[in-house]
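This report concerns only the one structure given below.
When reading the values below, keep in mind they use all heavy atoms of this one structure, side chains included, and skip hydrogens, waters and symmetry mates.
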Amino acid sequence: MEVPTKTSLAEVYPQEALDKQTKRWQTLLSTFQDRYGKRPDFVSRSPGRVNIIGEHIDYSLYEVMPMAVTADVLLAVSVHEKEEGPSTIRLTNIHSQKFESREFDIPNTGDVHIDSSTLEWTNYFKSGLVGATELLREKSNGFKQSVGMDILADGTVPSGGGLSSSAAFVCASALAVMKANGVEKVDKKELVEIAIVSERAVGVNSGGMDQSASVFPLEGSALYVSFVPELSAKNIAFPEMKSPLTFVIAQSFVAADKHVTAPVCYNLRVVEVTLAALVLGNVFGLSSIPSDAGPLGVSLRGFHDTYMQEKGGIKDNHAVSKADFQDQLQDLIQKIDNYLPQEEGYTRQQISEILGVKIEDIEQKYMKKFPIRAERFMLRQRAMHVFGEAIRVLKFNELLSAPAPQTDEENEKLLQALGELLNDTQDSCRDIYENSCPELDELCQLARKAGSYGSRLTGAGWGGCSVHLVPESKVDKVKQSWINNYYRKHFPDITEEKLDEAIVVSKPGSGSAVVQIP
Ligand code: NG1
Ligand code: MG
């Protein structure tokens with residue numbers, strides 16, 4: 001599957017977004033002309049995503065269901081002639097007041113250094129550049145150094161907002177570099193894989209959901225992303241319904257900067273689920289857990305599949321039916337009750353004793369590359385959430401794949417069943433995985449009271465965004481309730497334009513593309 005080249009905005013955006021996007025693109029192209037005195041050779045675009053269901057389980061290698069949103073990162077690019085010596089990258093960000101321009105050279109070696117200690121937006125471009133350079137070296141031997149480029153960036157994915165602005169930027173950057181260096185057909189899977197590795201270089205030990213959701217989607221469908229036995233994605237069309245599924249996205253405006261909070265939030269959860277997998281492997285008497293694509297090399301999915309192989313006689317657990325897989329997950333949840341009993345969490349000392357591994361070796365292997373701060377690791381709770389959330393994704397997918405509802409009450413029943421799963425995810429995030437926050441809980445309560453079928457945080461959490469399944473007839477009521485009871489209360493001097501950005505009704509959008517405007 002290749003990244004498509006598109007030649008009109010009607011191919012990129014849904015009908016209702018066309019006017020706004022046409023104006024935005026005119027500004028992009030005229031600003032490019034002013035800044036660089038020429039037209040761009042192409043525009044690389046990659047959208048943000050909203051995660052419908054499957055939260056904090058991608059790095060445990062369980063399936064997730066995100067969809068691309070309309071908001072995206074655009075990189076307008078003009079390619080320099082291949083020259084001797086260093087090649088220059090000039091980067092301007094349309095959203096910076098003074099149009100701050102960054103310039104850096106790529107030396108002859110083609111190697112670019114990323115200083116991930118500073119949270120600098122050009123680092124996302126550099127990480128995409130590094131990833132694409134590695135892929136280009138694999139594909140065409142002799143390739144060393146990227147050509148130079150003049151780039152104008154325009155991102156409308158709110159950063160730190162849980163819509164994966166970072167992944168959109170990294171994917172758009174890697175795609176731009178591939179295109180600029182003459183790759184006619186960029187393979188979607190390859191692009192996602194380098195984007196996943198590249199984004200980890202910028203300091204957050206993430207899973208692969210965001211990059212998959214930015215690159216793979218076809219217009220109008222959600223994505224069912226699998227990470228094992230290898231990365232793959234299936235487009236899931238929403239069933240034809242009288243009252244179509246409308247997902248409303250609401251910002252909490254609680255800054256959720258993963259890079260700052262990672263040692264006690266995101267990256268800590270990655271360590272907790274990894275240690276949970278190792279401890280479960282041990283207490284279940286497994287010989288070992290094979291290393292896998294998990295960010296720290298071992299995942300709960302790896303434990304799960306190995307357990308089924310060694311104790312359940314199931315050689316290839318990726319081949320079992322979704323129904324059997326759900327039963328396995330239910331069984332694991334029952335077993336955790338007595339295999340991981342400590343509600344108060346586990347200390348390094350206790351984990352070291354269970355695993356029979358010295359504390360410093362555990363720290364060296366799992367807590368050095370991405371530092372964390374914690375005295376107790378809530379292995380029981382995190383594993384409970386992951387197995388429970390994996391079941392909800394399967395149930396949600398089952399509901400969407402069933403025959404479309406024919407009557408109003410079937411329609412109503414479907415919406416309620418989908419909504420209930422979203423609400424259960426929110427409860428599990430708030431109480432068991434502890435990645436919610438009071439503001440997100442409040443947004444969800446208000447929405448449910450005003451008619452949402454299901455409301456939950458989306459993305460990493462601890463702030464950022466929420467997603468709500470709302471019947472079109474109730475969208476205004478939900479919006480009004482948030483404006484009166486949340487936004488105006490917490491942010492009394494909020495501007496109309498900020499309010500406009502706060503709530504987005506998003507249809508499933510299309511993924512990355514190279515756009516050649518004639
Ligand atoms: P956000 O913070 O929305 O980009 C993060 C991770 C995902 C996934 C979600 C939680 C990064 C780049 N992405 O998404 O892999 O784990 O949290 O489901 O950190
Ligand atoms: Mg992100």
Side-chain angles (χ1 to χ4, degrees), residues 54-64 196-197 199-201 203-209 227-228 231 258 261-308 310 317 329 332-333 335-336 339-340 342 345-390 428-429 432-435 460-462:
E55 212 63 82
H56 276 278
I57 60 174
D58 61 337
Y59 50 88
S60 290
L61 304 188
Y62 283 103
E63 283 70 22
V64 292
I196 293 172
V197 172
E199 184 148 4
R200 287 179 183 163
V204 177
N205 203 10
S206 70
M209 164 170 65
F227 302 102
V228 292
L231 178 70
K258 280 193 306 299
T261 60
V264 291
C265 292
Y266 193 90
N267 287 354
L268 173 57
R269 291 293 176 277
V270 178
V271 171
E272 287 178 307
V273 294
T274 301
L275 293 176
L278 291 166
V279 165
L280 282 168
N282 202 287
V283 298
F284 277 69
L286 304 187
S287 51
S288 71
I289 301 177
S291 69
D292 57 28
L296 291 174
V298 164
S299 68
L300 278 169
R301 180 66 174 271
F303 152 73
H304 173 172
D305 291 340
T306 310
Y307 170 68
M308 293 318 300
E310 292 196 7
N317 205 35
L329 287 162
L332 287 172
I333 288 175
K335 286 190 166 61
I336 286 182
Y339 280 96
L340 280 180
Q342 292 177 202
Y346 293 76
T347 63
R348 284 171 176 72
Q349 181 58 36
Q350 289 168 326
I351 294 167
S352 159
E353 277 155 20
I354 294 171
L355 298 182
V357 175
K358 287 204 303 290
I359 289 182
E360 50 272 24
D361 293 347
I362 293 173
E363 288 179 337
Q364 182 52 39
K365 198 160 182 211
Y366 301 110
M367 304 178 190
K368 276 282 175 297
K369 191 165 171 244
F370 293 90
I372 53 108
R373 279 195 311 277
E375 292 314 309
R376 311 189 76 84
F377 298 87
M378 314 306 277
L379 310 186
R380 173 190 171 81
Q381 292 82 348
R382 307 323 178 208
M384 282 283 194
H385 166 80
V386 169
F387 295 143
E389 185 68 357
S428 187
C429 284
I432 302 177
Y433 216 68
E434 298 175 284
N435 66 302
W462 294 291

**Report entry** Sub-4.5 Å side-chain heavy-atom contact between Val357 and Leu278
**Finding:** no
Requested in this report: Check the pair Val386, His56 against side chain to side chain contact (heavy atoms under 4.5 Å, CB included), reporting the backbone distance first and the verdict last.
Outcome: CA-CA 7 Å; Val386 169; His56 276 278; over 6 Å; no
**Report entry** Residues, nucleotides or ligands: over 12 heavy atoms within 6.0 Å of Lys368 NZ
**Finding:** yes
Query - Test item: Trp462 side-chain N/O and Tyr266 main-chain N/O as donor-acceptor pair under 3.5 Å - result: no
Query raised in the report: Distance-only, no hydrogens or angles: does the Glu272 side chain make a donor-acceptor pair with backbone N or O of Phe377 under 3.5 Å?
Result: no
Query raised in the report: Which heavy atom in Ile289 sits nearest to a heavy atom in Gly302, and how many Å separate them?
Result: CG2-C, 3.7 Å
Query raised in the report: CG/Leu61 to NE2/His304 distance, rounded to the nearest 0.5 angstrom?
Result: 12.5 Å
Query raised in the report: For the atom pair OH (Tyr366) and CD1 (Ile351), what is the distance rounded to the nearest 0.5 Å?
Result: 11.5 Å
Query raised in the report: CG/Leu280 to CG/Leu286 distance, rounded to the nearest 0.5 angstrom?
Result: 9.0 Å
Query raised in the report: Any donor-acceptor pair under 3.5 Å linking the side chain of Glu375 with the backbone of Thr347?
Result: no
Report task. Check whether any side-chain heavy atom of Val298 sits under 4.5 Å from a side-chain heavy atom of Phe303, and report yes or no. Result -> no
Requested in this report: For Thr306 and Ser288, work out which heavy atoms get closest and say how close.
Outcome: CG2-O, 3.3 Å
Requested in this report: Look at the side chain of Asn435 and the backbone N and O of Cys265, then say whether any donor-acceptor pair between them is shorter than 3.5 Å.
Outcome: no
**Report entry** Contact check, side chains of Gln350 and Gln342, non-hydrogen atoms, under 4.5 Å
**Finding:** yes
Report task. Please report the closest heavy-atom contact between Gly345 and Met378, naming both atoms and the distance. Result -> CA-SD, 3.7 Å
Report task. Can you see which heavy atom on Gly207 is nearest to which on Ile196, and at what distance? Result -> O-CG2, 4.2 Å
Report task. Compare all side-chain heavy atoms of Pro263 with those of Leu268 and state whether any distance is below 4.5 angstrom. Result -> no
Requested in this report: Answer yes or no: is there an ion pair linking Asp305 with Arg301, defined by an N-O contact shorter than 4.0 Å?
Outcome: yes
Report task. Could you tell me whether Tyr307 and Phe284 have their ring centroids closer than 6.0 angstrom? Result -> yes
Query raised in the report: Rounded to the nearest 0.5 Å, what separation is found between the CG atom of Asn282 and the CG atom of Leu275?
Result: 12.0 Å
Query raised in the report: Side chain of Glu389, backbone of Gly54: donor and acceptor closer than 3.5 Å?
Result: yes
Query raised in the report: Side chain of Ser352, backbone of Arg348: donor and acceptor closer than 3.5 Å?
Result: no
Requested in this report: May I have the step-by-step check of side chain to side chain contact (heavy atoms under 4.5 Å, CB included) for Met209 and Glu55, ending in yes or no?
Outcome: CA-CA 10 Å; Met209 164 170 65; Glu55 212 63 82; 3.9 Å; yes
Query - Tyr59 side chain near Asn205 side chain, heavy-atom distance below 4.5 Å - result: no
Query - Tyr433 side, atom OH; Arg382 side, atom CZ - distance, nearest 0.5 Å - result: 7.5 Å
Query raised in the report: Just wondering, do Ile372 and Val264 contact through their side chains at under 4.5 Å, heavy atoms?
Result: no
Report summary line: Here the pair of heavy atoms bringing Leu340 nearest to Ala383 is CD1-CB, 4.4 Å
Query - Worked check of side chain to side chain contact (heavy atoms under 4.5 Å, CB included) between Ser287 and Glu310 - result: CA-CA 8 Å; Ser287 51; Glu310 292 196 7; 2.5 Å; yes
Query raised in the report: Roughly how far apart are Ile57 CD1 and Phe227 CZ, rounded to 0.5 Å?
Result: 8.5 Å
Query raised in the report: Do the side chains of Ser299 and Thr274 get nearer than 4.5 Å, heavy atoms only?
Result: no
Query raised in the report: Just checking, any donor-acceptor pair under 3.5 angstrom between side chains of Gln364 and Glu360?
Result: no
